[in-house]
Amino acid sequence: MKEEELDRKGYMIDEVVAMDLPLRRVVQKLYEAAVGNVNKPLCLAAAEKVAEKTQKGDTVFIITGFPVLSKNVCETDGPPGAVVLAKTLNSVGIKTIMVTDDLCFDVVKAVTPKISIVKYPFDNDTAKEKTEKLFLTNNPSVLVSIERPGWNAKQEYHTMRGLNISNLVGKTDYLFSHARKTGVTTIAVGDGGNELGCGSIIKTVRKHVPYGAKCQCPCGRGIAATTPSDVLVIGGTSNWGAYGIAACLSLLKNLDYEHDGKNELRLLNRIINAGGVDSVTKESQPFVDGVPTPINRLVVDLIWAIANA
Ligand SMILES: [Zn+2]
């Protein structure tokens, strides 16, 4: 595909991916800040980075899973994006390893039955040890984080409402900091600014996101995540951002992009059956960030349509 055509599709995909259908009212600001860092459509920038840094036989870590407070189960945003991206990578000969923690394990497992999953530890020292071991054993080329909590300046984790969830989260920030120290590429997808990798736009998050600079928990340092990423993708939901990357990667590699609304509903139903809930309604229903099923399916079909047009 000609570069011009690729750019045009990249912009169209970003426009769909970044639609603020969950009505958080901050997505536009976060999106603009992230584009300011790369001066390119975000999903395309991320896909190009992945293509540049990987070869057949390489391994990519995909980190996902965000807990819903009070229900203490994994939300529906994240794991579907992770599996769609993983399948795209697998189809060009790249191995993938999912990383999540104990709380989100069953939900991640439900959508990725054939992909190996690492249960990342909660305890600090064990997490650091595990990080070194994972890098040594698998030598990953790229790390991709999709809707994964990111710690703030005090290494505390928060919901968008500014509430503390540190006791529910394995500190996967260590994976990103290790990657950055050793020159391994990091890609992140977020939708609120409290996710791993959003440190790249921390000033915008602190300024515009409710609780960005001051949380509701005693730590008082806000929900803004501090760990940055090489390319940050902002979506209306993080799943859409991950689909956008997979769609752009398919365009770059001349593959059909297969994830459509029907497949989306299948994935979401598997998550619900494994105990996952929608993060906004906190109900066991195939919504994503409060976006009802038919609307979410429309967005997924639109990404599919642009990729396959
Ligand atoms: Zn706090």
Side-chain angles (χ1 to χ4, degrees), residues 59-75 78-79 82 97-109 116-140 142-190 192-200 202 205-206 211-230 232:
T59 299
V60 169
F61 289 176
I62 301 182
I63 313 159
T64 194
F66 206 117
V68 176
L69 194 61
S70 79
K71 292 279 177 173
N72 295 1
V73 291
C74 190
E75 65 163 279
I97 296 177
M98 294 284 165
V99 184
T100 190
D101 46 34
D102 188 45
L103 189 139
C104 291
F105 186 85
D106 288 347
V107 161
V108 174
K109 177 98 190 151
S116 83
I117 310 174
V118 171
K119 208 185 269 189
Y120 196 82
F122 287 95
D123 167 74
N124 256 322
D125 291 338
T126 324
K128 283 184 207 164
E129 249 172 62
K130 183 81 177 176
T131 297
E132 298 218 345
K133 211 184 262 176
L134 281 172
F135 273 79
L136 217 58
T137 316
N138 301 291
N139 191 27
V142 174
L143 268 58
V144 185
S145 148
I146 301 166
E147 188 66 14
R148 178 73 192 156
W151 67 33
N152 74 352
K154 280 198 150 175
Q155 302 199 344
E156 299 286 339
Y157 293 91
H158 299 83
T159 66
M160 282 297 287
R161 301 286 312 275
L163 302 170
N164 196 299
I165 47 168
S166 299
N167 63 334
L168 304 175
V169 179
K171 294 183 177 168
T172 40
D173 279 76
Y174 285 123
L175 288 169
F176 259 41
S177 42
H178 191 88
R180 294 180 68 80
K181 252 186 265 164
T182 51
V184 172
T185 297
T186 54
I187 311 268
V189 186
N194 56 334
E195 297 93 359
L196 177 54
C198 287
S200 310
I202 188 167
V205 176
R206 289 179 64 87
Y211 309 111
K214 194 168 184 335
C215 46
Q216 297 205 63
C217 99
C219 92
R221 295 294 292 275
I223 70 169
T226 53
T227 303
S229 47
D230 293 320
L232 172 65

For this session: Begin with the C-alpha distance, continue with both residues' side-chain angles, and end with the deciding distance and a verdict on side chain to side chain contact (heavy atoms under 4.5 Å, CB included) for Leu175 and Tyr120.
Result: CA-CA 10 Å; Leu175 288 169; Tyr120 196 82; 3.8 Å; yes
Exercise. Passes side-chain hydrogen bond (donor to acceptor under 3.5 Å, both in side chains), Thr227 versus Asp173? Steps please.
Worked result: CA-CA 7 Å; Thr227 303; Asp173 279 76; 2.5 Å; yes
For this session: Tell me, with the steps shown, if Cys198 and Leu232 meet side chain to side chain contact (heavy atoms under 4.5 Å, CB included).
Result: CA-CA 7 Å; Cys198 287; Leu232 172 65; 4.0 Å; yes
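Between the Asn138 side chain and the Pro140 main chain, no donor and acceptor come within less than 3.5 Å of each other. Here the side chain of Thr226 pairs a donor or acceptor atom with the backbone of Trp151 at under 3.5 angstrom. Checking side-chain atoms of Thr100 against main-chain N and O of Thr64 turns up a donor-acceptor pair under 3.5 Å. Side-chain N or O atoms of Glu147 include none that pairs as donor or acceptor with a backbone N or O of Phe66 at under 3.5 Å. Here the side chain of Asp101 pairs no donor or acceptor atom with the backbone of Val169 at under 3.5 angstrom.
Looking at heavy atoms from C-beta onward, Ser145 lies out of side-chain contact with Ser229 at the 4.5 angstrom threshold. Using a 4.5 Å heavy-atom threshold, the side chains of Asn194 and Tyr157 count as separate.
Ala127 and Tyr174 get closest at one heavy-atom pair: CB-CD1, 3.9 Å.
Atom CG of Asn152 sits about 8.0 Å away from atom CG of Asn164, to the nearest 0.5 Å.
Using a 4.0 Å cut-off between charged nitrogen and carboxylate oxygen, Arg180 and Asp230 count as a salt-bridge pair. Here Asp123 does not pair with Lys130 in a salt bridge; the nearest charged N to carboxylate O distance is not below 4.0 Å.
Residues Tyr211 and His158 place their aromatic rings such that the two centres sit no closer than 6.0 Å.
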